[in-house]
Chemist: 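Would you mind keeping the following structure in view while I ask a few things?
The first residue in the sequence is number 1, and the count goes up from there. Both backbone and side-chain heavy atoms feed into the values below; hydrogens, waters and symmetry mates do not.
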Amino acid sequence: MKARDQYESLYNNFRWQVPARFNLGYECCGKWAADPGRVALIHDDDQGESSAVTYAQLQADANRLSNALAARGVRRGNRVAIMLPQRPETVVAHIACYQMGAVAMPMSVLFGPDALEYRLIDSGAVAALVDAASWANLAPVRAKCAALAILITVDPLAHATGAAAPLDYRALLASGAAQFTCVDTAAEDPALLIYTSGTTGPPKGALKPHRVLIGNLPGFVASQNWFPQANDVFWSPADWAWTGGLMDALLPTLYFGRPIVANMAKGAQGRFDPEAAFALMARHRVTNAFLFPTALKIMMKALEHPRRRYDLRLRAIMSAGEAVGETVFNWAKAALGITINEMFGQTEINYVVGNSADKWPARPGSIGRPYPGHQVAVIDDAGRVVARGVSGEVAVNRYDIHGHPDPVFFSGYWGQEPATRRKYSGDWCRTGDEAIMDADGYLWYQGRADDMFKAAGYRIGPSEVENCLLKHPAVANAAVVPKPDRERGALVKAYVVLVAGVVPSEALSAAIQAHVRGKLAAYEYPKEIEFIDNLPMTTTGKVQRRLLRLAEEQRFKSGQR
C-alpha cells in the first residue's frame with residue numbers, strides 16, 4: 001500500500017515551539033524518573049546477559065555523579081569527556097553533565113592516544129570517564145593534558161594504582177548525595193561538544209546547545225514512521241560518541257520515554273556481526289532502528305531472507321551516513337518488509353533531509369525531502385540557490401520558511417570563529433555535500449564535494465558507481481576514487497571487497513567492469529579494480545575515500561602503477 005503524499009501539508013504547516021529554558025538532562029530522564037517501572041535501557045553485556053535499567057535508576061545514579069563531580073570542582077560550562085561505549089554508565093554520565101550545566105564531550109573508545117590528546121587539550125576538558133579500553137589509550141598522554149584534573153573509571157584497572165589512578169565509578173557514586181536539583185539552563189546554553197573531522201586541518205569541535213535536540217525531533221519522528229507508538233523499542237549499533245548514535249538514536253528515544261537497547265552487535269573480531277544484529281532485534285522485539293548503509297549491506301549479503309529465521313518486529317529503519325542506493329533499498333523492502341527512510345544531516349546541522357514512508361512516498365536512490373522546520377536548498381559557490389535539476393552544494397538556512405530560527409544549528413566551532421564564519425554564505429550553512437533537487441523537492445545525493453572528481457573531462461560521483469558495483473553478486477562493498485593519469489587527468493578506480501568465499505581474479509575483475517559498463521555511462525565504469533580485504537572506515541561507518549585517494553596520489557608521485 002503506497003503512502004499518501006502528505007508532505008506539502010506537513011511541511012508548510014509546521015511551526016517550531018522552542019522554550020526559552022530547556023535542559024537535556026531533565027527532558028531525557030528527569031521528567032520520566034517519577035515512574036519507577038519505566039524502562040530506559042535494555043543492556044546486553046559482554047557475557048550475553050540482559051538487564052533492564054529504568055529512568056528512575058538512571059536518574060538516581062546521575063544525581064550522585066553530578067554531586068560527586070561538583071564536589072571535585074566541576075562547574076557550569078566545564079567540559080567533561082565521556083570515553084565509553086554503549087552501556088548504562090554512558091547515559092548516566094550524559095544526564096549528570098546536562099543537569100549540572102556542564103558540557104558533555106563524547107569521544108570514541110576507538111580513538112588512539114594522539115586523537116585523545118588533541119581533543120582533550122583543545123577543549124580544556126577538566127574531567128573524563130573511561131573504561132579499560134579508553135584508559136589504555138589515555139594513560140600515555142594524560143600528563144600532557146594540563147586541565148584534566150578528574151579521571152573516573154567504570155572498569156577495574158589492574159595496573160592503575162596510587163594517587164594518579166582514576167577514581168572508581170561505583171565508589172564515587174556512593175560518595176555523592178542522592179538528591180540533585182537540575183540547574184536552570186537556557187535553551188541556548190552549551191550542552192555538547194562533538195569533534196568532527198574535516199578533509200583538511202585538525203578536527204573541529206562543534207559546540208551544540210540544549211535546543212539542538214528539539215531541532216532533531218521532526219526528522220527523527222518522521223524517519224521512524226511517527227515515533228513513538230505503543231511498545232516501540234529502539235536499537236542502533238551506532239556509537240553513542242558520535243552525532244549519529246547520540247542524536248539520531250539515544251537522546252530522542254529517551255526524550256520520548258521509550259526503551260533503547262544498548263549493544264553494538266559486534267562479533268568475536270570486534271566487527272559488526274549481521275547474525276548478532278538480527279538475533280538482537282528478534283530477542284528484544286525491536287521495532288525501530290537506525291542502521292548505517294554499510295551495516296545494511298553486510299546484513300543483505302549475509303542473509304537473503306532474514307524473516308525466515310528470525311521473528312522480527314521492525315516497523316521502521318532510518319539509514320544515514322552514506323547513500324543507501326537502490327540495491328539495499330529494494331532488498332529491505334523484499335526481505336524485511338520495510339521501506340528504508342534515508343536521512344541526511346551532519347554534526348553541525350543534523351537530521352534536516354529525509355523520508356517518511358508513512359507520510360510521503362520514497363524514491364529509491366533519493367535521500368528525501370527537507371524535513372518540516374528546515375529550509376534546505378542547493379546553492380552554487382557564490383551562495384546563490386540554483387535551479388531545480390542542477391547540481392550544487394546542499395545548504396540549510398538559519399531560518400525556516402516562516403522566518404523563525406531553526407533550533408537544529410550548532411553554536412559554532414570551539415575556539416575557531418573564522419572556521420565558523422566560513423561555514424556560512426549569508427544565512428545559508430554549507431554542508432560540503434553535493435546533490436540535485438528535483439522538481440518535487442527530492443534531493444539526489446552526488447557525494448561529498450571533496451569526493452567528486454573529473455575523469456577524462458567527465459564529472460564522476462562515486463555513489464552512483466558504488467551502488468552499481470554492489471549489484472554484482474560477488475561484491476560485498478566498494479569505494480570509487482580517482483587514479484591520477486597523465487593523459488586524462490584521472491581514471492575511475494574501484495576498491496572492491498568481495499563476498500566471503502569469492503576468489504579474486506582478472507576474469508572476475510573484467511566481469512565486474514562489464515557489469516558496470518552495461519548499466520552506467522561508458523565513462524563511469526572503473527578502468528581499474530583493486531581487490532582488498534576491508535575498506536578504510538570511520539568509527540561511524542563511513543568509507544574514508546580520502547585515504548584511498550591519497551594512496552593513489554602517493555603511488556603516482558612515486559612512479560608506481
Chemist: Taking all atoms of both residues into account, what is the closest heavy-atom pair of T327 and L470, and its distance?
Modeler: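 Result for this residue pair: CG2-O, 4.1 Å.
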
Chemist: Under 4.5 Å between any side-chain heavy atoms of P237 and L291, yes or no?
Modeler: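 The answer is yes, as the side chains (C-beta and beyond) meet within the 4.5 Å cut-off.
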
Chemist: Using a 3.5 Å distance criterion without hydrogens, assess whether the side chain of E89 forms a donor-acceptor pair with backbone atoms of P85.
Modeler: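 No; judged by distance alone, with no hydrogens or angles, the pair does not exist.
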
Chemist: Could you check N467 against K471 for side-chain contact (heavy atoms from CB on, under 4.5 Å), going step by step and ending with a plain yes or no?
Modeler: CA-CA 7 Å; N467 182 54; K471 294 178 181 178; 3.9 Å; yes

Chemist: Answer with yes or no whether the side chains of D433 and Y445 bring together a donor and an acceptor at under 3.5 Å.
Modeler: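 Short answer, yes.
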
Chemist: Please check if the distance between the ring centroids of Y195 and F111 is under 6.0 Å.
Modeler: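 Not under 6.0 Å, so no.
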
Chemist: Please tell me if the side chains of V386 and I379 come closer than 4.5 Å, counting only heavy atoms from C-beta onward.
Modeler: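 Contact flag for V386/I379 side chains = no.
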
Chemist: Within the supplied structure, the quantity of interest is the number of heavy atoms (other residues, nucleotides, ligands) at a distance under 6.0 Å from N231 CG; does it exceed 12?
Modeler: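 For N231, atom CG is not crowded (no more than 12 foreign heavy atoms under 6.0 Å).
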
Chemist: Would you tell me whether D131 and S134 have side-chain atoms, one donor and one acceptor, within less than 3.5 Å of each other?
Modeler: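 Yes, S134 and D131 have a side-chain donor paired with an acceptor closer than 3.5 Å.
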
Chemist: Checking side-chain contact (heavy atoms from CB on, under 4.5 Å) for the pair L498/F531: CA distance, chi angles, key distance, verdict?
Modeler: CA-CA 7 Å; L498 294 174; F531 298 111; 3.7 Å; yes

Chemist: Looking at side-chain heavy atoms only, is the closest gap between F227 and R315 below 4.5 Å?
Modeler: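 Yes. Closest side-chain heavy atoms under 4.5 Å.
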
Chemist: Ignoring hydrogens, what is the shortest heavy-atom contact between V465 and L520? Give both atom names and the distance.
Modeler: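 Reported closest heavy-atom pair: CA-CD1, 3.8 Å.
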
Chemist: Would you say the side-chain atoms of E275 and Y310 include a donor-acceptor pair closer than 3.5 Å?
Modeler: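 Looking only at side-chain atoms, Y310 and E275 do form a donor-acceptor pair, the distance falling under 3.5 Å.
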
Chemist: Parallel, tilted or perpendicular: which one describes the rings of F272 and W235, with boundaries at 30° and 60°?
Modeler: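 The arrangement is parallel - the two ring planes meet at less than 30°.
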
Chemist: Could you tell me the separation between the CG atom of L84 and the CG atom of L129, rounded to the nearest 0.5 Å?
Modeler: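 L84 CG to L129 CG: 6.0 Å, rounded to 0.5 Å.
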
Chemist: What is the distance from atom CD1 of I401 to atom CD of Q375, rounded to the nearest 0.5 Å?
Modeler: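 Output value for this atom pair is 7.5 Å.
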
Chemist: Quick one: closest heavy-atom pair of D438 and R388, and the distance?
Modeler: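 Looking at all heavy atoms of both residues, the closest pair is O-NH1, 3.0 Å.
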
Chemist: Could you check I436, V394, I460 and say which one makes a side-chain contact (heavy atoms from CB on, under 4.5 Å) with Q446?
Modeler: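 So, applying the side-chain contact (heavy atoms from CB on, under 4.5 Å) to Q446 and each of I436, V394, I460, only I436 qualifies.
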
Chemist: Just by modelled atom types, is the E326 backbone N or O under 3.5 Å from a matching donor or acceptor in the N330 side chain?
Modeler: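 Checked: pair present.
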
Chemist: Given 3.5 Å as the limit, does a donor-acceptor pair link the side chain of T196 with the main chain of T347, or not?
Modeler: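 Side chain of T196 to backbone of T347, a donor-acceptor pair under 3.5 Å: no, none is there.
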
Chemist: So how far is it from I317 CD1 to S236 OG, rounded to the nearest 0.5 Å?
Modeler: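 If I round to the nearest 0.5 Å, the distance is 11.0 Å.
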
Chemist: Taking NZ, NE, NH1 and NH2 as the nitrogens, is one of them in D311 or R313 under 4.0 Å from a carboxylate oxygen of the other?
Modeler: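 Here D311 pairs with R313 in a salt bridge, since their nearest N and O are under 4.0 Å apart.
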
Chemist: Any side-chain donor-acceptor pair under 3.5 Å between E342 and N355?
Modeler: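 On atom types as modelled, these side chains do not qualify, holding no pair under 3.5 Å.
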
Chemist: Strictly distance-based, threshold 3.5 Å: is any side-chain N or O of R307 a donor or acceptor partner for the main-chain N or O of A335?
Modeler: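 Checking the backbone N and O of A335 against the side chain of R307, a donor-acceptor pair under 3.5 Å is found.
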
Chemist: Can you check whether L24 reaches L213 side chain to side chain, under 4.5 Å on heavy atoms?
Modeler: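 Touching, per the 4.5 Å side-chain cut-off.
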
Chemist: If you take the centroid of each ring, where Trp contributes its six-membered ring, are F290 and W242 closer together than 6.0 Å?
Modeler: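 Centroid separation for W242 and F290: 6.0 Å or greater.
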
Chemist: Just checking, is any N or O donor in the side chain of N341 or S356 under 3.5 Å from an acceptor N or O on the other one?
Modeler: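 The criterion, which ignores hydrogens and geometry beyond distance, is not satisfied for S356 and N341.
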
Chemist: Is the closest side-chain heavy-atom distance between Y371 and M343 below 4.5 Å?
Modeler: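 Y371 vs M343: side chains touch.
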
Chemist: If you draw a 6.0 Å radius around CZ in R285, do more than 12 non-hydrogen atoms from other residues or ligands fall strictly inside?
Modeler: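 At most 12 heavy atoms, drawn from other residues, nucleotides or ligands, come within 6.0 Å of this atom.
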
Chemist: So do the side chains of Q346 and T431 get within less than 4.5 Å of each other, counting heavy atoms only?
Modeler: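 Yes, close enough: below the 4.5 Å cut-off.
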
Chemist: To the nearest 0.5 angstrom, please state how far the OH atom of Y525 sits from the CZ atom of R517.
Modeler: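 With rounding to 0.5 Å, OH (Y525) is 4.0 Å from CZ (R517).
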
Chemist: Of the non-hydrogen atoms in V516 and P526, which two are nearest, and what is the gap between them?
Modeler: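 Minimum heavy-atom separation between V516 and P526: CG1-CD, 3.9 Å.
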
Chemist: Does any N or O in the side chain of H472 come within less than 3.5 Å of the main-chain N or O of Q513, such that one atom is a donor and the other an acceptor?
Modeler: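 No.
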
Chemist: Relative to F329, does K333 satisfy both conditions: NZ or CZ under 6.0 angstrom from the six-membered ring centre, and within 45 degrees of the ring's axis?
Modeler: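 No, K333 does not sit over the ring of F329.
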
Chemist: Among D45, D155, D239, D44, which one satisfies salt bridge (Lys or Arg N to Asp or Glu O under 4.0 Å) with R87?
Modeler: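 Of the listed residues D45, D155, D239, D44, the salt bridge (Lys or Arg N to Asp or Glu O under 4.0 Å) partner of R87 is D155.
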
Chemist: Taking the side chain as every heavy atom from C-beta outward, state whether V286 and L312 have any pair of such atoms under 4.5 Å apart.
Modeler: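 V286 does not reach L312 side chain to side chain.
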
Chemist: For T287 and V233, indicate whether the former's side chain and the latter's backbone hold a donor-acceptor pair under 3.5 Å.
Modeler: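 Present.
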
Chemist: Which atom pair, heavy atoms only, marks the closest approach of M437 to A377?
Modeler: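 Shortest heavy-atom separation between M437 and A377 comes out as CE-CA, 4.4 Å.
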
Chemist: Could you check, using the six-membered ring where one of them is a Trp, whether W16 and H374 have ring centers closer than 6.0 angstrom?
Modeler: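 Under 6.0 Å, so yes.
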
Chemist: How close do K297 and A476 get, counting heavy atoms only, and between which atoms?
Modeler: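 Closest heavy-atom pair between K297 and A476: CB-O, 4.3 Å.
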
Chemist: Among R545, K493, R546, which residue satisfies the salt bridge (Lys or Arg N to Asp or Glu O under 4.0 Å) criterion with E552?
Modeler: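 Filter result, single survivor: K493.
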
Chemist: What distance separates I194 CD1 from M105 CE, expressed to the nearest 0.5 Å?
Modeler: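 With rounding to 0.5 Å, CD1 (I194) is 11.0 Å from CE (M105).
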
Chemist: Is the count of non-hydrogen atoms from other residues, nucleotides or ligands lying under 6.0 Å from R308 atom CZ greater than 12?
Modeler: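 Counting neighbours around CZ of R308, 12 or fewer heavy atoms of other residues, nucleotides or ligands fall under 6.0 Å, so no.
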
Chemist: Does a sphere of radius 6.0 Å around NZ in K31 hold more than 12 heavy atoms from other residues, nucleotides or ligands, not counting ones at 6.0 Å or beyond?
Modeler: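 Buried by this count: over 12 neighbours within 6.0 Å.
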
Chemist: Is the ring pair W360/Y7 parallel, tilted or perpendicular, if the boundaries are 30 and 60 degrees?
Modeler: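 Ring orientation, 0 to 90° scale: perpendicular.
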
Chemist: What pairs of residues pass the side-chain hydrogen bond (donor to acceptor under 3.5 Å, both in side chains) test when at least one of them lies in residues 244-260, not counting sequence neighbours?
Modeler: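 Qualifying pairs: D248-N350.
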
Chemist: Answer yes or no: is there an ion pair linking D400 with R15, defined by an N-O contact shorter than 4.0 Å?
Modeler: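 No, D400 and R15 are not salt-bridged.
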
Chemist: I'd like to check the ring-ring contact (aromatic ring centres under 6.0 Å, His included) partners of H284; sequence neighbours left out, ordered by chain and number.
Modeler: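 By the ring-ring contact (aromatic ring centres under 6.0 Å, His included) rule, H284 matches no residue at all.
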
Chemist: If the threshold is 4.0 Å, N to carboxylate O, is there a salt bridge linking E530 and R555?
Modeler: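 Looking at E530 and R555, the cut-off is met.
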
Chemist: Looking at residues at least two apart in the chain, or sitting in another chain, which of them share a salt bridge (Lys or Arg N to Asp or Glu O under 4.0 Å) with D533?
Modeler: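 Salt bridge (Lys or Arg N to Asp or Glu O under 4.0 Å) check on D533 returns nothing, list empty.
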
Chemist: Check the pair R211 / D406 against salt bridge (Lys or Arg N to Asp or Glu O under 4.0 Å), numbers first and verdict last.
Modeler: CA-CA 10 Å; R211 62 165 161 76; D406 186 339; over 6 Å; no

Chemist: Measure the spacing between NE2 of H94 and CG of L250 and express it to the nearest 0.5 Å.
Modeler: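 It is 7.0 Å, given to the nearest 0.5 Å.
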
Chemist: So, Y495 versus E466: side-chain donor-acceptor pair below 3.5 Å or not?
Modeler: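 Distance-only check fails for Y495 and E466.
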
Chemist: Do any N or O atoms from the side chain of Q86 and from the backbone of N263 form a donor-acceptor pair under 3.5 angstrom?
Modeler: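 Present.
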
Chemist: Report the C-alpha distance between R363 and D440 in whole Å, list the side-chain angles of each, state the deciding distance to 0.1 Å, and finish with yes or no for salt bridge (Lys or Arg N to Asp or Glu O under 4.0 Å).
Modeler: CA-CA 11 Å; R363 294 183 178 175; D440 297 317; 2.7 Å; yes

Chemist: Could you check R309 against E304 for salt bridge (Lys or Arg N to Asp or Glu O under 4.0 Å), going step by step and ending with a plain yes or no?
Modeler: CA-CA 10 Å; R309 188 183 304 179; E304 187 176 358; over 6 Å; no

Chemist: Among side-chain atoms of W226 and D358, is any donor-acceptor pair under 3.5 angstrom?
Modeler: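 No pair is found: no donor N or O on one side chain lies under 3.5 Å from an acceptor on the other.
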
